[in-house]
Amino acid sequence: IAAEIARIRTLALVGPAASGKTTLAESLLHRAGVIGAPGSVEKGSTVSDHDPLERRAQRSLNASLMNFEHKGIHTYLIDAPGSADFLGQALPALEAVETAAIVIGAPTGVEPIARRMMDWAAGRERDRVIVVNKIDAPGVDLAALVAEIQAAFGKECLPVNLPAGGGARVVDCFYNLGDTDAATDFSSVAQAHRALVEQVVEVDAAFVERYLNEGDVDPSELHAPLEQALREGHLIPICFVSARTGAGVAE
């Protein structure tokens with residue numbers, strides 16, 4: 001039983017309306033092999049927006065629970081509505097999960113609901129992850145958006161991957177050290193990796209000493225400190241994704 005519990009993850013997709021939470025949920029279910037093809041909010045064919053009123057309104061009105069299996073981990077995912085009128089559906093979702101994934105639409109930036117969800121999740125001591133969606137939208141300035149996110153929520157918000165090819169894909173910045181010279185849309189893998197490692201090692205004095213004396217610590221050794229940093233709010237990862245195209249969904 002303990003082993004079964006250890007492989008369970010629970011998270012809620014929260015954040016502003018129209019940031020793409022439901023489309024992201026569809027992409028995750030599709031990538032995990034639960035559904036044959038992602039549904040569409042506009043066509044009323046998504047898994048989570050199953051209520052007839054939601055399909056007519058083309059937006060989430062209720063919190064919906066889904067689940068999927070991926071690489072031995074069983075994930076329970078709540079898609080919460082983003083409109084301020086339906087916070088009564090979104091807030092209870094934070095009580096039921098260990099992680100809040102705050103979805104921010106790249107074209108619109110940090111909206112008031114994202115701020116409120118970050119505050120509420122922090123107050124409930126939930127792990128927090130920021131998912132920047134719609135990275136392939138025309139004219140988005142993702143470097144400026146990261147600066148906006150850090151100004152709003154702190155320097156502990158750091159990218160764990162970076163968009164590349166105009167938002168066509170993402171490049172890992174934590175584990176994939178063989179790709180440090182990969183071309184990215186802004187910043188660099190090496191710079192993002194260094195910032196992550198420096199943030200994570202701070203939770204363990206032994207790692208700080210090793211990092212200062214020896215330089216880089218192998219990422220395989222940093223998984224436990226990474227989880228500790230998440231639990232303590234010392235690190236808030238930023239993940240880039242396009243739920244529409246699937247870029248970054250696997251990551």
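Just so it is clear, the structure is predicted and the values come from calculations on it, not from any experiment.
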For this session: Report yes or no: does Lys21 contribute a side-chain atom to a donor-acceptor pair with the main-chain N or O of Pro16 at less than 3.5 Å?
Result: yes
For this session: Verify the distance criterion only: is there a donor paired with an acceptor across the side chains of His223 and Tyr175 at less than 3.5 Å?
Result: yes
Exercise. Would a 4.5 Å heavy-atom cut-off, applied to side chains only, mark Gln191 and Arg194 as touching?
Worked result: yes
Exercise. Do Leu65 and Leu94 belong to the same hydrophobic cluster, where Ile, Leu, Val, Met, Phe, Trp and Tyr are linked whenever their side-chain heavy atoms lie under 4.5 Å apart, directly or via other members?
Worked result: no
Problem set entry | Close side-chain approach of Thr75 to Thr10, heavy-atom, < 4.5 Å | no
For this session: Check side-chain contact (heavy atoms from CB on, under 4.5 Å) between Lys71 and all other residues, then give those that pass, not counting sequence neighbours.
Result: none
Exercise. Which atom pair, heavy atoms only, marks the closest approach of Ala164 to Thr184?
Worked result: CB-CA, 4.1 Å
Exercise. Would you find a donor on one side and an acceptor on the other, under 3.5 Å apart, between the side chain of Arg169 and the backbone of Gly166?
Worked result: no
Exercise. With a 4.0 Å cut-off, would you call Arg126 and Glu98 a salt bridge?
Worked result: no
Exercise. Should the heavy atoms of other residues, nucleotides or ligands under 6.0 Å from CZ of Arg31 be counted, would the total exceed 12?
Worked result: no
Seminar exercise, completed: Scanning both residues in full, the closest heavy-atom pair of Pro159 with Phe240 reads CB-CE1, 3.9 Å
Exercise. Do Gln89 side-chain atoms and Ala63 backbone N/O form a donor-acceptor pair below 3.5 Å?
Worked result: yes
Exercise. Hey, quick one: are Val132 and Met117 part of the same hydrophobic cluster, counting side-chain heavy atoms closer than 4.5 Å, chains of contacts allowed?
Worked result: yes
Exercise. Can Ser45 and Ser40 be counted as having a side-chain donor-acceptor contact under 3.5 angstrom?
Worked result: no
Problem set entry | Cluster overlap Ile130 with Leu145, hydrophobic side-chain contacts below 4.5 Å | yes
Exercise. Checking His193 side chain against Cys173 main chain: does a donor-acceptor pair fall under 3.5 Å?
Worked result: yes
Exercise. Does a side-chain heavy-atom distance below 4.5 Å link Ser187 with Leu162?
Worked result: yes
Exercise. Does Val131 share a hydrophobic cluster with Val249, counting links as ILVMFWY side-chain heavy atoms below 4.5 Å and allowing steps through other members?
Worked result: yes
Problem set entry | Beyond-backbone contact of Pro163 with Phe186, side-chain heavy atoms, under 4.5 angstrom | yes
Exercise. Could you walk me through whether Ile149 and Ile238 pass the side-chain contact (heavy atoms from CB on, under 4.5 Å) check?
Worked result: CA-CA 9 Å; Ile149 288 169; Ile238 301 174; 4.1 Å; yes
Exercise. Under the 3.5 angstrom rule, does the side chain of Asp185 hit a backbone N or O of Gly165 as a donor-acceptor pair?
Worked result: yes
Let me check something: any side-chain donor-acceptor pairs from residues 101-111 under 3.5 Å, sequence neighbours excluded? List them with distances.
from: Thr108; atom 1: OG1; to: Gly105; atom 2: O; distance (Å): 3.2
from: Thr108; atom 1: OG1; to: Glu111; atom 2: OE2; distance (Å): 3.2

Exercise. Minimum heavy-atom separation for Gly20 to Ala243, with atom names?
Worked result: O-CB, 4.4 Å
For this session: Please say whether more than 12 non-hydrogen atoms of neighbouring residues, nucleotides or ligands are located less than 6.0 Å from CD in Glu125.
Result: no
Exercise. Can any side-chain N or O of His234 pair as donor or acceptor with the backbone N or O of Val200 at less than 3.5 Å?
Worked result: no
Problem set entry | Student check: side-chain heavy atoms of Val171 and Asn161 closer than 4.5 Å | no
Exercise. In terms of hydrophobic clusters joined by side-chain contacts under 4.5 Å, are Leu24 and Ile78 together?
Worked result: no
Problem set entry | Taking every non-hydrogen atom, the tightest pair across Gly248 and Val170 | CA-CG2, 3.7 Å
Exercise. Can you find a heavy atom in the side chain of Gln150 that is under 4.5 Å from one in the side chain of Val146?
Worked result: yes
Problem set entry | Polar side-chain atom of Glu26 near backbone of Val47 as donor-acceptor pair, under 3.5 Å | yes
Exercise. Donor-acceptor pair, Ser27 side chain versus Thr23 backbone, under 3.5 Å?
Worked result: yes
Exercise. Does any N or O in the side chain of Arg210 come within less than 3.5 Å of the main-chain N or O of Ala206, such that one atom is a donor and the other an acceptor?
Worked result: no
For this session: Report, as yes or no, whether the 6.0 Å neighbourhood of atom NE2 on His74 holds more than 12 heavy atoms from other residues, nucleotides or ligands.
Result: yes
Problem set entry | Min side-chain heavy-atom separation Leu29-Met66 under 4.5 Å | yes
Exercise. Can you check whether Leu235's main-chain N or O pairs, donor with acceptor, with Gln199's side chain at less than 3.5 Å?
Worked result: no
Problem set entry | Check: Asp79 and Ser60 side chains under 4.5 Å, non-hydrogen atoms | yes
For this session: Hey, could you give me each pair passing salt bridge (Lys or Arg N to Asp or Glu O under 4.0 Å) that has a residue in residues 128-157? Not counting sequence neighbours.
Result: Asp136-Arg244
Seminar exercise, completed: Checking Val129, Thr99, Asp127 against Leu11 for side-chain contact (heavy atoms from CB on, under 4.5 Å), the one that qualifies is Thr99
